[in-house]
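One structure below.
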Amino acid sequence: MRKRILGFILSLCMIIGMCMTAYASESEPELGDIVDGSLLTDETSSEIAIYNPARGNILNRGVARVSEIGSGRINAYGAVMAAVQCDTLRLVINIQRLEGGSWVNIKTYTDTASNASLLTKSYNYSVAKGYYYRVRAGCVAVKAGTTETQIPITNGIWID
């Protein structure tokens, strides 16, 4: 009888163990980690400029910058710098927040300039404290049907 009871208890434990769901806990990204190419920093600003070293290029440089300006506000800056006057310059500034290990777009600004070689824009934006933020800029130059693109992405800065 003891063997049957012991066997029943062991079988029951095995069935319960097989039915339980185990969850692997992923740790939240923290200072010094790299998430989708962006280093998480405790700096108050981050800037990146992508240069085109090729001769005969249209788009010379794309720039993105994110800066903490206090009271839960950040400044998002982007620039499209062409080597020549272009038919169209386009700048798309995406402000992104790190949520659960992924960057999420929270605000997008789009600007266009015609017959220009420089387009710069800067926006102040209120954000929730306690997150990392970065700026991802889409920089596009079009001349005579030729299009060149650069996508500079800043590191993440902590807003507290």
Determine whether Val84 and Val80 fall in the same hydrophobic cluster, where Ile, Leu, Val, Met, Phe, Trp and Tyr are linked whenever their side-chain heavy atoms lie under 4.5 Å apart. no

Run Ile95 and Ile74 through side-chain contact (heavy atoms from CB on, under 4.5 Å) and show every step you take. CA-CA 9 Å; Ile95 299 173; Ile74 63 170; 3.6 Å; yes

Starting at SG of Cys86, measure out to CD of Glu148 and round the result to the nearest 0.5 Å. 8.0 Å

With no hydrogens and no angle check, is any side-chain donor or acceptor of Asn155 less than 3.5 Å from a backbone partner on Leu39? yes

So do the side chains of Val63 and Met81 get within less than 4.5 Å of each other, counting heavy atoms only? yes

First locate atom CD1 of Ile50, then atom SG of Cys139, and finally report the distance between them rounded to the nearest 0.5 Å. 7.5 Å

Given Ser38 and Ile153, is the side-chain contact (heavy atoms from CB on, under 4.5 Å) satisfied, shown in steps? CA-CA 7 Å; Ser38 291; Ile153 303 171; 3.7 Å; yes

Using every non-hydrogen atom in the two residues, find where Thr154 and Ala64 come nearest and quote the distance to one decimal. CG2-O, 3.5 Å

Verify the cluster assignment for Trp103 and Val92: are they in a single hydrophobic cluster under the rule of side-chain heavy atoms below 4.5 Å apart? no

Can you check side-chain contact (heavy atoms from CB on, under 4.5 Å) on Val35 and Leu98, steps first, answer last? CA-CA 9 Å; Val35 179; Leu98 184 61; 3.7 Å; yes

Are Arg97 and Tyr131 in a cation-pi setup, meaning NZ or CZ lies under 6.0 angstrom from the ring centre and within 45 degrees of the ring axis? yes

Do the charged groups of Arg134 and Asp36 touch, with an N to O distance under 4.0 Å? yes

Do you see a donor-acceptor pair shorter than 3.5 Å between the side chains of Ser122 and Asn75? yes

Nearest-0.5 Å distance, CZ of residue Arg65 to OG of residue Ser45: 7.5 Å

Correct closest heavy-atom pair for Ile157 and Thr44 would be CD1-O, 3.6 Å

Please confirm whether the backbone N or O of Gly62 pairs with a side-chain atom of Gln150, one donor and one acceptor, at under 3.5 Å? yes

Determine, using the 4.5 Å side-chain heavy-atom cutoff (strictly less than), whether Tyr125 and Val135 are members of one ILVMFWY cluster. yes

Can you confirm if the NZ or CZ of Arg61 lies within 45° of the ring axis of Tyr51 and under 6.0 Å from the centre of its six-membered ring? no

Nearest atoms (heavy-atom pairs only) where Ile93 meets Gly78: CD1-N, 3.6 Å

CD1 of Ile58 to CG of Asn52: how many Å apart, nearest 0.5 Å? 9.5 Å

Determine the interplanar angle of the Tyr109 and Tyr123 rings, folded into 0 to 90°, and report it as parallel if under 30°, tilted if 30 to 60°, perpendicular if over 60°. parallel

Evaluate the criterion side-chain contact (heavy atoms from CB on, under 4.5 Å) for residue pair Gln85 and Asn115; output intermediate values, then yes/no. CA-CA 6 Å; Gln85 185 167 337; Asn115 299 317; 3.3 Å; yes

Test your reading of the model: is there a side-chain donor-acceptor pair from Tyr133 to the backbone of Ala128, 3.5 Å cut-off? yes

Donor-acceptor contact present, side-chain Asn57 to main-chain Leu59, <3.5 Å: yes

So which heavy atom on Ala144 is nearest to which on Asp87, and how close? N-OD2, 2.7 Å

Side chains of Asn94 and Thr108: donor-acceptor distance under 3.5 Å anywhere? yes

Mind checking whether Ile48 and Leu40 sit in one hydrophobic cluster, side chains of I, L, V, M, F, W, Y counted as touching below 4.5 Å? no

Nearest-0.5 Å distance that lies between atom CG in Leu31 and atom CG in Asp33: 8.0 Å

Any side-chain to backbone donor/acceptor pair from Ser46 onto Gly156? Under 3.5 Å, distance only. no

Has the side chain of Asp111 got a donor or acceptor atom that lies under 3.5 Å from a matching backbone atom of Leu91? no

Check Leu89 against Ala82 and note the closest heavy-atom contact, atom names and distance. CD2-CB, 4.1 Å

Separation of Ser126 OG from Lys107 NZ (nearest 0.5 Å): 11.5 Å

